[in-house]
Amino acid sequence: MEYRNYYLSFLLALFLSCPYSSLLAQNPPYKAVNLGNWLLAEGWMKPSLFEGIVNKDLLDGTQVQLMSTKFQKYLAADNGGGAGIVANRDSASGWETFPLWRVNDTYFNFRVFNKQFMGINNQGDNKIVAVSNSPSNQETFQIIRNSGDPLKIRIKASNGLYWQVRSETLVTADYGQGTSWEESDPSVFRMKIVRTLEGEYQLTNGYGPDKAPQVLRDHWNSYITEDDFTFMSQNGLNAVRIPVGWWIAQDPNPPKPFVGGSLAALDNAFTWAQIHGMKVIVDLHAVEGSQNGNDHSGTRDGFIEWGESYIPQTVSVIDFLAKRYGNRPSLGGIELMNEPQGVNLDSLKKYYKEAYDAVRKYNPNAYVIMSNPLDADSKVLLSFVTGFNKVVLDVHYYNLYSDKFTNMNVQQNIDYINNERASDLSGVSSTNALSFVGEWTDEFLVQGASMQDYQRYGQAQLDVYSRATFGWAYWAYKCQYNHWSLKWMIENGYIKL
Ligand SMILES: *[C@@H]1O[C@H](CO)[C@@H](O)[C@H](O)[C@H]1NC(C)=O
């Protein structure tokens, strides 16, 4: 009797110690969707976001190649940088390709392969060299475009004079004459754009400090609303994964060019999730320095610079998120870094350990999610994670981005899910960590596939990814391309949960 009373009061105490909503809220495995392109912009998903930018083809990180029309040769940073600029290349690759830094609508810096910036020599000879490691006035140039195809430009230096190619080994900024854009003009260059980036840095710096705040706030307030949480919860989803950038920790005054306000939007997501019985997985998708060089990593120019020296500030972002959301009943987990690729594995593990400890300061039980490096086998973290509790390993499965999928037909894609993906996933699941397919989509490289093909391919993925012990998350909720939009796929009967 006495024992039974004790036992009942223990149960009651346990019940009361849990917030009511957390008893109702979902537990893994999750059926989730990525709220991609909401708090972290990706131009390919919604190009109209970038439409109001002046010179929108010349954003930060745009890689250009410059050909002297007079010599019909490409400019190159000799040795990739650290020396003069020459004009003697018949074809262009790394040393002949220059990522831009945008200063404003028409002024730019040109970075070279070894990361120096082109600028005017200090020797008084106006020679263009690539020796400076940070851009100043000497390294800032105005691009003057000639309308027409192919794109021709002139480049004006801070001394008011234009670049000219004097010889195949000498480029100077000392040409004062006007131009009629003749091919023989030594100050005319043909500019070829070979890569563009369209991420949050490009968007905010492209609009500039006067326009960016309004554009971003309008986007955050309209792209995802509470109605979407209603839709998601009514259609079988029980969690969202929300990509965020490192600057959210400094909201409302993040470093330029980023814009404050995404934190309030994330707060809303937690509230809406709670109302609709869903969970939020906060995903640090863009870390300072960039962990993969992609548009969605917050990079300015595509260089991957995250590493050992960036660990303290990256941990402090996780600390901030864990402090703010660590005890919210609708927290589903905190993902420490999305898709590292080309970063040192030991640095990554060191970071994962420190960031894990940061989360544990605020919550002993919250799920901590570690993304598997994209350039490593999915088992590379298995032995490392045995030292942690409530850890999740995130793998991303796309039958895209690799030559091996190019010629696969529908059935071969499905077989690949049922065999290779299933086997890979079971390897991840066999540890003390939970497994999570944090990104996948019902798109493949098959041309002209029917609705039924997409249904079969989608169902095969759902069947296999449902074996992930933490669950899965579709990429994405909304997108200009229908198959990448789970909302569209559900509304149009392609996917049913
Ligand atoms: C753009 O930047 C250049 C170089 O710093 C500056 O001279 C120019 O005034 C700026 N233009 C505008 C419109 O801010």
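Atoms within a ligand are numbered from 1 in the order they appear, just like the ligands themselves. As the structure is a computational prediction, the values presented were derived from the model and not from experiment.
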Does a side-chain N-to-carboxylate-O contact under 4.0 Å join R190 and E183? yes
Whether D251 and R324 form a salt bridge (side-chain N of Lys/Arg under 4.0 Å from carboxylate O of Asp/Glu) is what I want to check. no
Hey, is D185 close enough to K152 for a salt bridge, meaning N to O under 4.0 Å? no
Side chains of D57 and T62: closer than 4.5 Å at any heavy-atom pair? no
Please list the nearest protein heavy atom to atom 4 (C) of ligand 1 with its residue and the distance rounded to 0.1 Å. Y107 CD2, 3.7 Å
Is atom 9 (O) of ligand 1 near the protein, in the sense that some protein heavy atom lies at less than 4.0 Å from it? no
Look at atom 13 (C) of ligand 1 and say which protein heavy atom is nearest, naming residue and atom and giving the distance to 0.1 Å. N104 ND2, 4.4 Å
Could you find the nearest protein heavy atom to atom 5 (O) of ligand 1 and give me its residue, atom name and distance? V103 CG1, 4.1 Å
